[in-house]
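One is the number of the first residue; the rest follow in order along the sequence.
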Amino acid sequence: TFCSGGNLQAVRDHLVRPGGGAALCAFMQDTLTRLEAHGALVIAVVDGAALGGGAELLTVADLVVAEPLAQIGFVQARLGVSPGFGGGTRLVRRVGGARAIELLTAGAVSAEEARRFGLVDVVTTDPLHYARQWAAARVHLPAAALRGVTRLVRGAVTMSFDASLAAEREVFGELWGGPDHLAALVSRPR
């Protein structure tokens with residue numbers, strides 16, 4: 001199982017504490033936002049089920065690779081709640097409003113259905129191997145440039161068009177003439 005969501009006993013314990021749900025929501029939103037802001041590429045490999053909070057984790061990933069038998073489910077509505085870890089908002093950004101409503105109310109869907117919706121990027125019988133190969137093909141890239149690309153892509157999804165252009169200028173300006181850029185120019189034949 002990738003992540004089958006919250007432990008139901010822990011969920012029940014939060015129900016009896018005033019503000020327990022709000023505290024859990026704030027903690028998880030902060031955690032996923034910090035993961036997203038870190039700058040590293042986030043790859044999710046789904047082997048089994050990604051349910052509830054587990055499905056919300058996928059919305060932070062830059063690449064989601066799943067095995068064909070994987071089940072992905074925003075099951076929160078069936079439990080009488082909505083996503084609360086930021087997964088609802090991120091899902092809308094990733095797949096659009098109409099598709100998000102469909103996924104948020106469908107229960108669990110197959111990996112292939114989630115791929116058609118745009119939540120899963122690749123379905124393969126060996127998702128871990130695929131993810132490792134994908135990452136290995138990018139390991140030669142300078143870390144600062146990779147963080148910059150990640151930052152500008154995530155900004156383009158979350159910011160207004162003008163703010164995204166400004167962020168792109170900022171990233172480009174930080175990298176232009178930097179040590180990695182200079183090294184790449186020196187190593188290229190004229």
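To the nearest 0.5 Å, atoms CG (Leu103) and CG (Leu119) are separated by 6.5 Å. Atom CE of Met159 and atom CG of Leu152 lie 9.5 Å apart (nearest 0.5 Å). In this structure, the separation between CG on Asp47 and OG1 on Thr125 is 10.5 Å, given to the nearest 0.5 Å. From Trp176, atom CH2 reaches atom CG of Leu182 across 9.5 Å, with rounding to the nearest 0.5 Å. Here OG1 of Thr124 is found 12.0 Å from CZ of Arg115. Values are rounded to the nearest 0.5 Å. Note that CD1 of Ile72 is 12.5 Å distant from SG of Cys3, once rounded to the nearest 0.5 Å.
At a threshold of 4.5 Å between side-chain heavy atoms, the hydrophobic network of Ile, Leu, Val, Met, Phe, Trp and Tyr places Val171 and Leu146 in two separate groups. One hydrophobic cluster holds both Leu32 and Val46 under the rule that ILVMFWY side chains link at heavy-atom gaps under 4.5 Å. Linking ILVMFWY residues whenever their side-chain heavy atoms come closer than 4.5 Å, directly or via other members, leaves Ile101 and Val95 in distinct clusters. Under the 4.5 Å side-chain contact rule for hydrophobic residues, Leu35 and Leu24 share a cluster. Note on Phe117: it clusters hydrophobically with Val120, by side-chain heavy-atom contacts below 4.5 Å among ILVMFWY residues.
Under 4.0 Å is where a charged nitrogen must lie from a carboxylate oxygen, and between Arg154 and Glu168 no such pair does. Using a 4.0 Å cut-off between charged side-chain N and carboxylate O, Glu102 and Arg99 make no salt bridge. Checked for salt-bridge contact, Glu174 and Arg169 miss the test: no charged N lies under 4.0 Å from a carboxylate O. In summary, Glu56 and Arg90 do not engage in a salt bridge, as defined by a charged side-chain N under 4.0 Å from a carboxylate O. Note on Arg132 versus Asp126: no salt bridge recorded, every NZ/NE/NH1/NH2 to OD/OE distance being 4.0 Å or above.
For the pair Leu175 and Asp180, the minimum side-chain heavy-atom distance is 4.5 Å or more. Considering only heavy atoms from C-beta on, Leu41 stays 4.5 Å or farther from Leu63 through its side chain. The side-chain heavy atoms of Gln76 and Leu79, taken from C-beta on, include no pair separated by under 4.5 Å. Residues His38 and Val60 have side chains not in contact (no heavy-atom distance under 4.5 Å, counting atoms from C-beta outward). By the 4.5 Å heavy-atom criterion applied to side chains, Leu91 and Leu104 are counted as neighbours. When side chains are defined from C-beta on, Phe74 does not count as touching Leu58, because their heavy atoms never get closer than 4.5 Å. Considering only heavy atoms from C-beta on, Ile43 stays 4.5 Å or farther from Tyr130 through its side chain.
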In sequence, state the C-alpha distance, the side-chain angles, and the governing distance for Phe85 and Thr31, and then conclude on side chain to side chain contact (heavy atoms under 4.5 Å, CB included). CA-CA 9 Å; Phe85 301 171; Thr31 300; over 6 Å; no
Side chain to side chain contact (heavy atoms under 4.5 Å, CB included) for Arg93 and Thr158? Distances and angles first, verdict last. CA-CA 8 Å; Arg93 287 190 336 215; Thr158 61; 3.0 Å; yes
Check the pair Val65 / Asp121 against side chain to side chain contact (heavy atoms under 4.5 Å, CB included), numbers first and verdict last. CA-CA 6 Å; Val65 185; Asp121 299 299; 5.9 Å; no
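Ala55 and Gly73 make their closest contact through CB-O, 3.5 Å (heavy atoms, listed as atom of the first residue, atom of the second, distance). Closest heavy-atom contact between Pro68 and Val123: CA-CG1, 3.7 Å. For the pair Cys25 and Gly84, the tightest heavy-atom approach, listed with the atom from each and the gap, is SG-O, 2.7 Å. Across all their heavy atoms, Ala66 and Pro127 have their closest contact at C-CB, 4.0 Å. Contact detail for Val75 and Gly52: the closest heavy-atom pair is CG2-N, 3.7 Å. When all heavy atoms are compared, the tightest approach of Leu51 to Ala108 is CD2-CB, 4.2 Å.
Heavy-atom contacts from other residues, nucleotides or ligands closer than 6.0 Å to NE2 of His181 number more than 12.
Looking only at atom types and distance, the side chain of Glu36 has no donor-acceptor partner in the side chain of Thr33 under 3.5 Å away.
Of the possible polar contacts, one joining the Arg138 side chain to the Trp134 backbone as a donor-acceptor pair under 3.5 Å is found. Remark: the backbone N or O of Ala50 is not paired with any side-chain donor or acceptor of Gln71 at under 3.5 angstrom. Distance alone, capped at 3.5 Å, is enough to place a donor-acceptor pair between the Glu113 side chain and the Ser110 backbone.
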